[in-house]
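The structure appears below as structure tokens.
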Amino acid sequence: MSALSELYQEIAACQRCDLAKHRTRAVPGEGSENAEIVFIGEAPGWHEDQQGRPFVGSAGQYLDRLLVSIGLKREQVYITNVVKGRPPGNRDPLPAEIAACRGWLDRQIELISPKMIVTLGRYSMAMFFPGKSISKIHGTAQKRENIIYYAMYHPAAALHQQSLRQTIEADMLKIPSLLAEAKTIAETEPQPEQLSMF
Ligand code: URA
């Protein structure tokens, strides 16, 4: 069994917060252990909770189309969320739930070792760009320890707010060149710890 599958079993049994009481199924994430790019959303919704898979509802279908726009299929990337259990009534995840779930996300990132991490929406942005505002930093990237972190609006926000559609679609189109840059960084390591915005 792969290390990711073993991790999924642990996540399925997780009782670290009250979301465990409400969920139908845990939604650990899916994609290749060798993915170069990881997308991190907020929390499973109703469809995800039913199927145990991330981004399979309308926001997920839109994410699939965004991926196609840069020539990627779902299977080529890794998709997960900040919390792995559906918050009841689709409410926002609570700080304690996010903190309880953080270790799972860290282990996923460790196992996959991606070149690029894309945050989708405010909650995952807050983890990797603390104190920033999505309206200011969407479409911008930071490079830290050989990983490029890139902030985007959540696809559901763009579905509900027509004015964000062009923005999210344009932000998506910047990913291929950032990923190419991330690969160059990986090839030219070792690098000192650094933080730069570009
Ligand atoms: N929204 C998310 O943030 N994650 C999902 O998996 C589905 C919708």
Side-chain angles (χ1 to χ4, degrees), residues 4 7-8 11-12 14 16-20 22-32 35 37-69 72-109 112 114 116-130 132-135 137-139 149-162 164-165 167-169 171-172 175:
L4 263 184
L7 186 64
Y8 294 167
I11 294 174
C14 178
R16 290 181 190 171
C17 77
D18 279 354
L19 293 181
H22 303 283
R23 69 179 183 232
T24 311
R25 301 177 63 173
V27 183
E30 70 180 16
S32 163
I37 178 162
V38 169
F39 289 83
I40 307 172
E42 179 179 322
W46 187 86
H47 292 281
E48 290 77 21
D49 177 69
Q50 293 293 309
Q51 296 184 37
R53 298 178 58 211
F55 280 97
V56 289
S58 51
Q61 284 159 21
Y62 186 43
L63 178 60
D64 288 348
R65 293 203 295 278
L66 290 169
L67 289 172
V68 167
S69 78
L72 287 176
K73 296 196 187 95
R74 257 180 105 92
E75 307 78 70
Q76 293 172 282
V77 303
Y78 192 83
I79 303 175
T80 188
N81 286 300
V82 165
V83 295
K84 316 302 189 200
R86 179 188 180 220
N90 283 354
R91 65 158 169 74
D92 290 342
L94 302 173
E97 293 160 353
I98 294 172
C101 229
R102 176 77 203 230
W104 299 128
L105 183 61
D106 288 343
R107 281 178 61 192
Q108 285 172 310
I109 293 171
I112 296 161
M116 186 164 176
I117 290 180
V118 179
T119 63
L120 299 172
R122 287 182 295 135
Y123 287 89
S124 57
M125 178 202 67
M127 281 188 156
F128 298 98
F129 301 88
K132 302 288 185 198
S133 142
I134 187 99
S135 59
I137 68 155
H138 73 85
Y149 295 85
Y150 184 61
M152 287 181 59
Y153 279 106
H154 195 288
L159 275 183
H160 297 134
Q161 246 178 290
Q162 193 65 28
L164 287 185
R165 278 210 182 201
T167 306
I168 198 172
E169 287 168 15
D171 287 349
M172 194 76 181
I175 288 181

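Start at 1 with the first residue, then count along the sequence. Indexing begins at 1, ligand by ligand and atom by atom, following the structure's order.
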The salt bridge (Lys or Arg N to Asp or Glu O under 4.0 Å) partner of E97 among K84, R91, R16 is R91
Centre-to-centre under 6.0 Å for H154 and F55, is that the case here? yes
For ligand 1, protein residues within the heavy-atom limit of under 4.0 Å are G41, E42, A43, E48, P54, F55, N81, H154
Residues passing the ring-ring contact (aromatic ring centres under 6.0 Å, His included) test with Y149, sequence neighbours excluded, are F128
* Would you say the side chains of E169 and Y62 form a donor-acceptor pair under 3.5 Å? -> yes
Value for NE2 (H138) from CZ (R122), rounded to nearest 0.5 Å, stands at 15.0 Å
What one should report as the nearest heavy-atom pair of G85 and P44 is O-CD, 3.5 Å
